[in-house]
Amino acid sequence: MTVVTRFAPSPTGYLHIGGARTALFNYLYAKHTGGKFLLRIEDTDRARSTQPAIEAILDGLSWLGLKWGGDVVFQFARAARHREAVDQLIAAGKAYKCFCTPEELTAMREEQKAKGLPQRYDGRWRERNSSEAPVGAKYAVRLKAPLDGETVLEDLVQGQVTVANTQLDDMVLLRSDGNPTYMLSVVVDDHDMNITHVIRGDDHLTNAFRQIQLFRAMGWTPPLYGHIPLIHGADGAKLSKRHGALGVDAYRDMGFLPEALRNYLLRLSWGHGDDEIISDAQAIEWFDVTNVGRAAARFDMAKLTNLNGHYIREANDTRLVELLTPMITQRINNAIDETIAGRLIRGMAGLKQRAKTLIELADSAAFYARKRPLTVDDKARAILADDGKEFLSVALPQLEARANWSAPELEAWARTTAEAKGLKLGQVAQPIRVALSGSTVSPPVFEVMEVLGKDESLARIGDAIKA
RNA sequence: GCUCCCAUCGUCUAGAGGCCUAGGACGCGGCCCUCUCAAGGCUGAAACACGGGUUCGAAUCCCGUUGGGAGCGCCA
């Protein structure tokens with residue numbers, strides 16, 4: 001049997017971090033087993049589903065590199081099929097019409113709450129005949145769920161979970177406007193799409209029992225379920241859209257790489273020995289739903305950031321420059337021409353080692369792209385003031401005379417010069433760094449000189465002396 | 001309130017009865033390296049929620065307590 005998993009978000013907002021992890025787990029499990037990973041948009045809530053949300057979800061998944069197989073299934077488009085299933089159930093006496101009004105149900109719940117009773121539909125229309133309803137009254141269709149016994153779920157991550165059927169009420173299958181509910185649609189779609197493994201957040205755990213009952217009523221075999229723990233915020237509270245759960249696009253904008261986010265999300269509630277840096281190939285090889293832990297994990301920005309630094313260091317220079325180009329353009333007042341692009345490519349090796357996010361990388365790379373004369377920050381200005389300019393004035397002609405402009409040669413020159421003048425290497429390097437970058441922090445200064453080239457380097461040093 | 005789930009350093013986790021003096025990672029402190037900042041190396045502080053069992057032996061099994069979480073919609 002081929003494994004078929006699915007990610008089934010409702011398009012009521014962006015793809016948030018918890019959903020992204022659910023998608024990741026489904027994706028990895030499918031890849032691990034050589035199966036398929038499908039995408040279904042659960043848009044049966046017509047009032048809250050939006051096109052921008054659909055696009056945000058698709059974009060988010062694509063950015064994260066989670067490719068789904070086949071066409072996206074839009075649930076609402078299958079409403080006719082869902083109604084057909086309900087007709088079948090009514091015909092078989094396994095579902096019935098409920099003529100309760102919303103007000104009546106609210107009143108029922110309030111009464112139950114007041115009495116300290118569990119809030120559940122009491123089945124008042126379960127055995128009544130439709131003829132007892134007012135003519136033309138609207139009705140919903142409910143499942144005639146078993147009244148006694150228990151429903152057992154062999155959950156892939158939670159283990160065996162049993163619930164007494166008295167805890168489960170007769171859920172609505174069809175709304176009074178004739179539209180299918182989530183419960184109905186999920187079951188019919190999971191069946192029709194041949195889903196074998198449903199991996200989702202454990203907020204759906206109780207839904208699984210209802211869904212299993214529906215599967216049985218339809219005479220179908222339920223899929224296997226794996227309910228993964230939710231992700232909490234740094235404060236331990238539930239991570240929801242209104243509580244710090246950002247969309248994956250927000251992480252992209254904060255300068256995170258998709259592979260870093262993937263690696264980070266993978267390690268939430270799942271681990272493989274002491275491994276921390278896990279490649280996509282290893283993730284596919286090692287991941288199994290049954291190894292997912294049962295405790296909720298907190299989201300830790302610091303660890304994500306650390307991981308991101310690792311992946312930036314490993315990233316291809318050309319790719320980084322491409323990602324950085326719009327960000328750097330925004331920081332400087334000129335376009336990135338070939339000369340500057342060349343500098344960025346050559347400088348990336350030194351730059352990327354020092355950045356934890358693309359934002360930091362862009363900030364630290366901008367000086368390579370800036371036009372002369374550079375603006376010098378306050379700390380840097382102080383270096384020029386303390387004998388810095390004086391040193392640069394002496395060094396400039398020496399540098400002008402140099403034929404070889406490679407980093408090792410320049411460093412050798414700096415060491416000899418420092419020794420001759422009784423200076424520390426830092427006293428030579430810092431003024432040059434300031435002149436070249438406008439800052440006290442940069443990649444190794446001789447590397448910067450090489451990347452900038454002789455002409456630009458000398459010009460910048462000249463600017464610093466004049467400033 | 002009812003039902004269900006969970007519980008190892010601050011955080012993510014390893015740990016499937018003796019291998020645990022509880023390991024790794026992030027973060028934090030120190031040292032080294034060093035032209036700045038990083039990276040890297042070494043190193044330190046830091047946890048089995050509590051109470052009972054079971055067992056020769058428990059972080060690991062059982063029960064209870066406490067603390068967290070999820071669900072209880074004609075939302076998904």
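Only heavy atoms go into these numbers, but all of them, side chains included; no hydrogens, no water, no symmetry mates. Quantities reported herein were computed from a predicted structural model and do not represent experimental measurements. Throughout, a chain's letter reflects where its sequence line sits, starting with A, and its residues are numbered from 1.
Residue A:Arg354 has its side chain nearest to B:C37 when only B:C37, B:A76, B:C6 are considered. You'll find that the side chain of A:Ala295 is closest to B:C6, out of B:C6, B:A76, B:U3. Closest contact between the side chain of A:Glu411 and the listed nucleotides B:C4, B:C35, B:C74 involves B:C35. Side-chain atoms of A:Arg298 lie closest to B:U11 of the nucleotides B:U11, B:U36, B:G73. Out of B:A70, B:C75, B:C5, the shortest distance to the side chain of A:Arg48 is found at B:C75.
B:C28 and B:G71 have their C1' atoms separated by 38 Å, with the value rounded to a whole Å. To the nearest whole angstrom, the two P atoms, one in B:C74 and one in B:G17, are 46 Å apart. For B:C12 and B:C48, the P atoms lie 16 Å apart once the distance is rounded to whole Å. Look at the C1' atom in both B:C42 and B:C35: the space between them is 23 Å, to the nearest Å. B:G18 and B:C61 are spaced 15 Å apart, taking the C1' atom of each and rounding to whole Å. Across the C1' atoms, B:A46 and B:G69 are found 26 Å apart, a figure rounded to whole Å. Rounded to the nearest Å, the gap between the P atom of B:G30 and that of B:A39 is 15 Å. Comparing the same atom, C1', in B:A59 and in B:A16 gives a spacing of 12 Å after rounding to whole Å.
Across all strands shown, B:C37 has no partner, as no Watson-Crick or G-U wobble contact with both distances under 3.5 Å is found. Across the strands present, B:C42 finds its partner in B:G30; the criterion is a Watson-Crick or G-U wobble pair with both atom distances under 3.5 angstrom. With a cut-off of 3.5 Å on both Watson-Crick or G-U wobble distances, the partner of B:G17 is given as none. Of all nucleotides present, none satisfies the Watson-Crick or G-U wobble test against B:A59 with each distance under 3.5 Å. Across all strands shown, the partner of B:C72 is B:G1, judged by Watson-Crick or G-U wobble contacts whose two distances both fall under 3.5 Å. The pairing partner recorded for B:C50 is B:G64, the criterion being a Watson-Crick or G-U wobble arrangement whose two distances lie under 3.5 angstrom.
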Quick test: give all pairs of protein nitrogen or oxygen and nucleotides 30-34 of chain B nitrogen or oxygen below 3.5 Å, distance rounded to 0.1 Å.
none

Distances under 3.5 Å between nitrogen or oxygen atoms of protein and nucleotides 23-27 of chain B:
residue	atom	partner	partner atom	Å
B:G23	N2	A:Asp274	OD1	2.9
B:G24	N2	A:Glu276	OE2	2.7
B:A25	O4'	A:Glu276	OE2	3.4
B:A25	N3	A:Lys303	NZ	3.1
B:C26	O3'	A:Asn306	ND2	3.3
B:C26	O2'	A:Lys303	N	3.3

* Under the side chain to side chain donor-acceptor pair (under 3.5 Å) criterion, do A:His310 and A:Asn263 qualify, and how do the steps go? -> CA-CA 11 Å; A:His310 169 85; A:Asn263 194 150; over 6 Å; no

* Which is it for A:Leu214 and A:Met171 under the side chain to side chain contact (heavy atoms under 4.5 Å, CB included) test, yes or no, and what are the steps along the way? -> CA-CA 10 Å; A:Leu214 223 197; A:Met171 64 181 145; 4.0 Å; yes

* To do: List the steps, then state whether side chain to side chain donor-acceptor pair (under 3.5 Å) holds for A:Gln160 with A:Glu154.
  => CA-CA 4 Å; A:Gln160 188 185 82; A:Glu154 292 292 344; 2.7 Å; yes

* Do A:Trp405 and A:Glu450 pass the side chain to side chain donor-acceptor pair (under 3.5 Å) test, and can you show the C-alpha distance, the side-chain angles, and the key distance before you say yes or no? -> CA-CA 6 Å; A:Trp405 199 259; A:Glu450 183 180 313; over 6 Å; no

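Distance, A:Trp125 CH2 to B:C74 P: 16 Å, rounded to whole Å. As rounded to whole Å, 10 Å separates atom C1' of B:C5 from atom CG of A:Asp155. Here the P atom of nucleotide B:C6 and the NE2 atom of A:His232 are 14 Å apart, to the nearest Å. The separation between A:Leu174 atom CG and B:G73 atom P is 19 Å, rounded to whole Å. Between A:Asn165 atom CG and B:C4 atom C1' there is a gap of 14 Å when expressed in whole angstrom units. Between the OH atom of A:Tyr225 and the P atom of B:C4 there is a distance of 19 Å, rounded to whole Å. Atoms CD (A:Gln112) and P (B:C2) sit 15 Å apart, rounded to a whole Å. The nearest whole Å value for the distance from the CG atom in A:Leu261 to the P atom in B:C12 is 17 Å.
Between A:Gln430 and A:Val161, the residue anchored nearer the 5' end of RNA chain B, judged by the nucleotide with its closest heavy atom, is A:Val161. Mapping A:Arg433 and A:Thr162 onto RNA chain B by nearest heavy atom places A:Thr162 closer to the 5' end of the strand.
Side-chain contact annotation: A:Gln282 with A:Ser279, donor-acceptor N/O pair under 3.5 Å present. With no hydrogens or angles considered, a side-chain donor-acceptor pair links A:His82 and A:Asp189 at under 3.5 Å.
Screening A:Glu447, A:Arg346, A:Arg460 for a side chain to side chain contact (heavy atoms under 4.5 Å, CB included) with A:Leu452, the sole residue that qualifies is A:Arg460.
Of the possible polar contacts, one joining the A:Ser457 side chain to the A:Met449 backbone as a donor-acceptor pair under 3.5 Å is found.
Here the two rings, on A:Tyr96 and A:Trp125, have centers that are 6.0 Å apart or farther. A ring-centre distance under 6.0 Å is not found for A:Phe256 and A:Tyr311.
For A:Asp463, the side-chain contact (heavy atoms from CB on, under 4.5 Å) test picks out A:Arg372, A:Pro373, A:Lys466, with sequence neighbours left out.
OP1 and OP2 of B:C72 both lie 4.0 Å or more from every side-chain N or O belonging to A:Arg109.
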Which donor-acceptor pairs under 3.5 Å do side chains of residues 138-153 of chain A form with protein atoms, sequence neighbours excluded?
residue	atom	partner	partner atom	Å
A:Arg142	NH1	A:Asp170	O	2.7
A:Thr151	OG1	A:Asn165	OD1	2.5
A:Thr151	OG1	A:Gln213	NE2	3.4

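Using bins of under 30°, 30° to 60° and over 60° for the plane-to-plane angle, the ring pair A:Phe287/A:Phe25 lands in the tilted bin. The aromatic rings of A:His197 and A:Tyr29 sit tilted, their planes meeting at an angle between 30° and 60°.
Within the structure, every pair that satisfies the side chain to side chain donor-acceptor pair (under 3.5 Å) test and touches residues 355-369 of chain A, not counting sequence neighbours, is listed here: A:Arg331-A:Asp363.
A donor N or O paired with an acceptor N or O is not found under 3.5 Å between the base of B:C72 and the side-chain atoms of A:Arg120. Looking at A:Arg294, its side chain has no donor and acceptor atom pair within 3.5 Å of the base of B:C6. For B:C74, its base sits under 3.5 Å from the side chain of A:Ser176 at one donor and acceptor pair at least.
Of the residues in residues 199-212 of chain A, those placing a heavy atom less than 4.0 Å from an atom of RNA chain B are A:Asp202, A:Asp203, A:His204, A:Leu205, A:Thr206, A:Asn207, in numerical order.
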